[in-house]
2 protein chains.
Amino acid sequence: MTQHETKNKILDVAEKLFAEAGYKATSLRAITSMAGVNLAAVNYHFGSKEGLISAVIERRLVPLNKSRLEQLHRVLVEAADQSLQANVVIRAFVEPTLMFTETLPSGKNFLTLVGRALAEPDETVRKIFIHNMQEVMTVMREALGRSLPDLPSDVLFWRLNFLIGALSHTMRCIEKCPMALEGGVARDAASLAALIVPFLTAGMEAPHA
Amino acid sequence: MTQHETKNKILDVAEKLFAEAGYKATSLRAITSMAGVNLAAVNYHFGSKEGLISAVIERRLVPLNKSRLEQLHRVLVEAADQSLQANVVIRAFVEPTLMFTETLPSGKNFLTLVGRALAEPDETVRKIFIHNMQEVMTVMREALGRSLPDLPSDVLFWRLNFLIGALSHTMRCIEKCPMALEGGVARDAASLAALIVPFLTAGMEAPHA
DNA sequence: CACTCATTCAAACGTTTGTTTTAAATGGGG
DNA sequence: CCCCATTTAAAACAAACGTTTGAATGAGTG
């Protein structure tokens, strides 16, 4: 097995097991044995378990955020002179996110993993995630601010948090909805995006006291 | 130290440490040493670590859900003949939740803990939480359905999930917002509720395709 | 006082964890 | 062909984990 194959096999299995059982509860022995590689390979290639989770997250989050930034910059340029609509900004952020499940076979695993990152008690994981989200969050905030010029800064801040909360919960629900009430119909990523964008847009545009 | 004191001291410390570091990463030794009790006391009084987290959650979640159900039943009765407004239903659910921080000194710890429950990778914790949420979620769904009679069942289902996601993220943000962008102003529970209710109401009432 | 029994205690149990260290085998690129 | 990064197997490491045990404690009761 070549170096490239070994590293990728570890990343694939780790992504799957981290998504299923969480970072803390997944042992390196479970990962390496399922990947069919030696236990020492993780420390050899990634330095530590922390290096592994970092690599697992960044392997997919960097391209995803690149895609989100492209979409955001596109709608910002297209609306350079005209008014920028909130639903356009929100769609630019949400669609690359949810569509990620269909870009890769392991897309659902990754969305589960990263959708849990903000709620992760382990500071290690949270810091890796937040560090990678800094830029796109700043741009997102500016874009939303431009589309909602009458919204006070701190109201915008909290509504952006509500948006992030709703979206990250939805990302976790794609693989398996934890609260499945009877009659909860599964949705593909596209129709889920079509459902959540109007919800978030209305919330962002809601009147405030 | 009486039995009552021992059990409560363990519950208080466990609530705090579980909120800070999560269920898996918090050891019984850390809990018992901080509580000033013997290590074996946990297994003696709660049977197991799982029994402890169950007791920690239910000690506060049962009264909280009782309060939420009271509010929901109240608004359902008051609007028995007239039309039921979505913002009234949402406020009946959200306000007891966020106000919980001011009912008890450890309210923020508990909200952090339970706000993370749905994202918890450990199936044990998730099942305890979901089991305790079943009834109030059913009532909440019925109430929202009555206030939004034109909303298809599966759209209501997903929007309720968006609501839960936004609220649970907010619950975790009360103690410490993980994504703190510059200019993020802290809010007390009351003004946070006043911020999130219009957001969620507009989202629930948004037009759908 | 003696007895009871729930509670507390120190100590140890067996298991699992991440990590490191051996040494030998492997195999692709210069 | 040979070098060297890589892979492997095996073992050991110290540390931390949840749980169990059996003796000590001590307040309440007859």
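Just the heavy atoms: all of them, side chains too, but no hydrogens, waters or symmetry mates, feed the values below. Everything quoted here is computed from the prediction, not taken from an experiment. Reminder, nothing fancy here: chain letters follow the sequence lines and each chain counts from 1.
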Looking at side-chain heavy atoms only, is the closest gap between [X] and [Y] below 4.5 Å?
| X | Y | result |
| --- | --- | --- |
| A:Trp158 | B:Arg187 | yes |
| B:Ile128 | B:Leu61 | no |
| B:Asn109 | B:Phe18 | no |
| B:Thr112 | B:Met171 | no |

Subject >> Any residue meeting salt bridge (Lys or Arg N to Asp or Glu O under 4.0 Å) with A:Glu123, in chain and number order, not counting sequence neighbours >> reply: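 Once residues adjacent in sequence are excluded, the partners of A:Glu123 under the salt bridge (Lys or Arg N to Asp or Glu O under 4.0 Å) criterion are A:Lys127.
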Subject >> Listed partners of A:Arg29 passing salt bridge (Lys or Arg N to Asp or Glu O under 4.0 Å), at least two apart >> reply: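 In terms of salt bridge (Lys or Arg N to Asp or Glu O under 4.0 Å), with neighbours along the sequence ignored, A:Arg29 is linked to no residue.
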Would you tell me if any nitrogen or oxygen in the side chain of [X] comes within less than 4.0 Å of OP1 or OP2 on [N]?
| X | N | result |
| --- | --- | --- |
| B:Tyr44 | C:dA6 | no |
| B:Thr6 | C:dT8 | yes |
| A:His45 | D:dA5 | no |

Subject >> Set of residues satisfying side-chain hydrogen bond (donor to acceptor under 3.5 Å, both in side chains) with respect to A:Arg172, sequence neighbours excluded >> reply: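 Per chain and number, A:Arg172 pairs via side-chain hydrogen bond (donor to acceptor under 3.5 Å, both in side chains) with A:His169.
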For [X] and [N], give me the distance from atom [atom1] to atom [atom2], rounded to whole Å.
| X | N | atom1 | atom2 | answer |
| --- | --- | --- | --- | --- |
| B:Phe46 | C:dT7 | CZ | P | 12 Å |
| B:Ile53 | D:dG18 | CD1 | C1' | 15 Å |
| B:Ile31 | D:dG18 | CD1 | C1' | 11 Å |
| A:Leu52 | C:dT17 | CG | P | 15 Å |

**OP:** Let me know which of B:Leu200, B:Thr201, B:Leu195 forms a side-chain contact (heavy atoms from CB on, under 4.5 Å) with B:Val197.
**Re:**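 Of B:Leu200, B:Thr201, B:Leu195, side-chain contact (heavy atoms from CB on, under 4.5 Å) with B:Val197 is met by B:Thr201 alone.
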Original post:
Can you tell which of B:Lys108, B:Arg59, B:Lys9 makes a salt bridge (Lys or Arg N to Asp or Glu O under 4.0 Å) with B:Glu15?
Top reply: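 Output: one option passes, namely B:Arg59.
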Subject >> Same-atom distance (P) from D:dA11 to D:dA15, integer angstrom >> reply: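 Their P atoms lie roughly 23 Å apart.
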Enumerate all atom pairs, one protein N or O and one N or O from nucleotides 20-23 of chain D, separated by less than 3.5 Å.
none

Under 3.5 Å, N/O pairs linking protein and nucleotides 13-17 of chain D:
{"from": "D:dC17", "atom 1": "OP1", "to": "B:Ser27", "atom 2": "OG", "distance (Å)": "3.3"}

Subject >> Plane angle bin for A:Phe110 and A:Phe100 - parallel if under 30°, tilted between 30 and 60°, otherwise perpendicular >> reply: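 Ring orientation, 0 to 90° scale: tilted.
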Subject >> Overall bend - the helix from C:dC1-D:dG30 to C:dT17-D:dA14, comparing terminal axes fitted on five pairs, nearest 10 degrees >> reply: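 End axes: 20° apart.
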Original post:
Would you find more than 12 non-hydrogen atoms of other residues, nucleotides or ligands less than 6.0 Å from B:Lys49 atom NZ?
Top reply: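 More than 12 within 6.0 Å, yes.
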